[in-house]
Amino acid sequence: MGKIKMETVKVNLGERSYNILITTGGIEKAGAELKSVIPDEKVLVISDSRVGPLYSEKVLESLRQADFDADDFIFNEGEDQKILFTVERIYSFLAEYNYPRQCTLAALGGGVTGDLTGFAAATYMRGVNFVQIPTTLLAMVDSSVGGKTGVNHRLSKNLIGAFYQPRLVFIDTDVLKTLAPEEFRSGLAEVIKYGMIADPELFLTLEDETGNLIAGNSSSLERIIKRCCEIKAEIVSRDERESGVRAILNFGHTVGHAIEALTNYHKYRHGEAVAIGMIAAARIAVKIGMLDDMQSQRLWNLLKQAKLPYRFSALDPADIIERMKKDKKVRSGRIRLVLPKKIGEVEIRDDVPEKTLLEVLEEMQGEK
């Protein structure tokens, strides 16, 4: 195999620092890259019933060629599997096959797989190594980076979890060719989020290149994925445990998580719910005089271009607000919202009147 071009983004966290490696067409190199940072001999590759049949054997072969003792564990696909029961099944597999404290769990898949695997790694024998090999756009630009791991509870998304950093994130953009178009668009919501919270130039690029991204242009994909990883790495390096600036990564998520929970994680994909949440945040910001309506319109137009939803249906706005009150980020009973001041800059607010929230959500009812 010829030399494969690889971009590197570093997450600077002292002794917990690690690299994000970004390549196109290099999944067979995962084992060699893992060998350079992981001393363990045993590796368990964890994936779901969609991703496993596509890529598990390639990754296992790569690991075995790098002299790892590797096996795989596959669970049923779906956000409804991101629960403690699935983690317990992973524990049982690890214990039954005598995986020691010196083992590594490799998450091969999207956000659900990464969150489950990371949480299992954080808690099995009080912590073992883990790596991320994301296979969705959403996981590549967001959930695989930063060390947030966990599972859902029926009352709240990601209610149970731990901050636990991977040793390596290995991204091969080629695997996106097998990603369903609707899943790719769901990931675009998180890409758009980065432009809104931190980089007006990225937002402008997305206005010009979203069509290229949807068409699978590899150079556009690699460049934009790298930029998103740089933004997240910089924010996480400054605030690993979300005591300050990292909270801006929740732009669109407070409303989005409430919508996901109220629909039992079935009606909307995560990125779709976040897209609705970003529109809600922008409309709230306009209503309280924080954001110019023209900039809100640009966000709306970009989400339309990405074919993402900007309305919700079959939900009571009052129920959404009540569910938002159960969000992990609520402090002293006050809902905290990340609101845009302009494209590329946001602010965390906890003083938005409930009446304003209700008005905006009522305006957003209806089919896309």
Side-chain angles (χ1 to χ4, degrees), residues 6 8-21 26-48 51-52 55-75 82 84-109 111-135 139 143-151 160-172 233 236 240-241:
M6 204 168 291
T8 303
V9 176
K10 185 167 185 177
V11 183
N12 290 300
L13 291 169
E15 63 181 16
R16 293 183 308 285
S17 297
Y18 55 94
N19 287 333
I20 306 163
L21 304 180
I27 199 165
E28 293 86 357
K29 298 284 289 180
E33 295 297 339
L34 182 53
K35 194 70 175 178
S36 68
V37 295
I38 297 288
D40 306 326
E41 292 182 1
K42 287 180 75 71
V43 179
L44 182 64
V45 178
I46 298 173
S47 57
D48 69 22
V51 173
Y55 297 111
S56 185
E57 273 306 316
K58 286 184 179 180
V59 173
L60 286 173
E61 179 62 23
S62 169
L63 291 167
R64 288 165 184 159
Q65 286 182 0
D67 296 324
F68 287 106
D69 177 5
D71 205 345
D72 63 351
F73 176 93
I74 295 177
F75 64 93
K82 193 175 137 178
L84 283 172
F85 175 74
T86 309
V87 177
E88 187 172 350
R89 288 183 57 220
I90 295 171
Y91 294 150
S92 296
F93 186 97
L94 292 166
E96 183 177 351
Y97 290 95
N98 300 312
Y99 276 72
R101 176 75 172 74
Q102 292 73 36
C103 73
T104 297
L105 306 188
L108 174 65
V112 168
T113 301
D115 283 3
L116 280 170
T117 303
F119 185 64
T123 49
Y124 179 68
M125 292 194 175
R126 297 190 176 92
V128 298
N129 286 321
F130 97 106
V131 298
Q132 294 268 21
I133 308 174
T135 61
S143 61
S144 70
V145 180
K148 277 190 176 182
T149 74
V151 294
I160 305 157
F163 284 100
Y164 197 68
Q165 300 295 340
R167 293 293 302 277
L168 178 74
V169 180
F170 186 92
I171 295 172
D172 176 6
V236 170
E240 182 181 2
R241 292 181 174 264

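As the structure is a computational prediction, the values presented were derived from the model and not from experiment.
Rounding to the nearest 0.5 Å gives a distance of 9.5 Å between OH of Tyr164 and OG1 of Thr149. Expressed to the nearest 0.5 Å, how far OG1 of Thr86 lies from CG of Leu116 amounts to 5.5 Å. Atom CZ of residue Arg16 and atom CD of residue Glu240 lie 4.0 Å apart, to the nearest 0.5 angstrom.
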* Could you go through the side chain to side chain contact (heavy atoms under 4.5 Å, CB included) check for Thr135 and Leu108 one step at a time? => CA-CA 7 Å; Thr135 61; Leu108 174 65; 3.8 Å; yes

* **Tyr18 and Val145: CA distance, side-chain angles, deciding distance, side chain to side chain contact (heavy atoms under 4.5 Å, CB included) verdict** => CA-CA 10 Å; Tyr18 55 94; Val145 180; 4.2 Å; yes

Atom pairs and distances, donor-acceptor, side-chain atoms in residues 67-74, under 3.5 Å, two or more places apart:
unit_1 : atom_1 : unit_2 : atom_2 : d
Asp69  : OD2    : Lys42  : NZ     : 3.3
Asp72  : OD2    : Ser56  : OG     : 2.9

Can you list, pair by pair, the side-chain donor-acceptor contacts under 3.5 Å of residues 99-106, counting residues two or more places apart and other chains?
unit_1 : atom_1 : unit_2 : atom_2 : d
Arg101 : NE     : Met125 : O      : 3.3
Arg101 : NE     : Gly127 : O      : 3.2
Arg101 : NH1    : Gly127 : O      : 2.3
Arg101 : NH2    : Gly127 : O      : 3.1
Thr104 : OG1    : Asp40  : OD2    : 2.8

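Counting only heavy atoms from C-beta outward, the side chains of Val45 and Leu63 approach each other to under 4.5 Å. Ile27 has its side chain out of reach of Ser62: every pair of non-hydrogen atoms, C-beta onward, lies at least 4.5 Å apart. For the pair Leu84/Ile160, a side-chain contact is recorded, criterion being any heavy-atom separation below 4.5 Å from C-beta on. Between Phe75 and Lys82 the shortest side-chain heavy-atom distance does not fall below 4.5 Å. With contacts defined as side-chain heavy-atom distances shorter than 4.5 Å, the pair Val59/Ile133 qualifies.
Here the closest non-hydrogen pair linking Pro134 and Val169 is CD-CG1, 4.1 Å. Residue Asp172 comes nearest to Gly26 through the heavy atom pair OD2-N, 3.2 Å, listed as atom of the first residue, atom of the second, then distance. The minimum heavy-atom distance between Val131 and Pro166, with the atom names listed, is CA-CB, 4.3 Å.
Remark: side-chain polar atoms of Ser36 are paired, donor with acceptor, to backbone N or O of Glu33 under 3.5 angstrom. Using a distance-only test at 3.5 Å, with no hydrogens or angles considered, no donor-acceptor pair links the side chain of Gln132 to the main chain of Leu168. Using modelled atom types, no side-chain atom of Ser47 and backbone atom of Gly109 make a donor-acceptor pair closer than 3.5 Å.
Side-chain contact, Tyr91 with Thr123: a donor N or O sits under 3.5 Å from an acceptor N or O.
Screening Arg64, Lys58, Gln65 against Glu61 for a side chain to side chain donor-acceptor pair (under 3.5 Å) leaves a single residue, Gln65.
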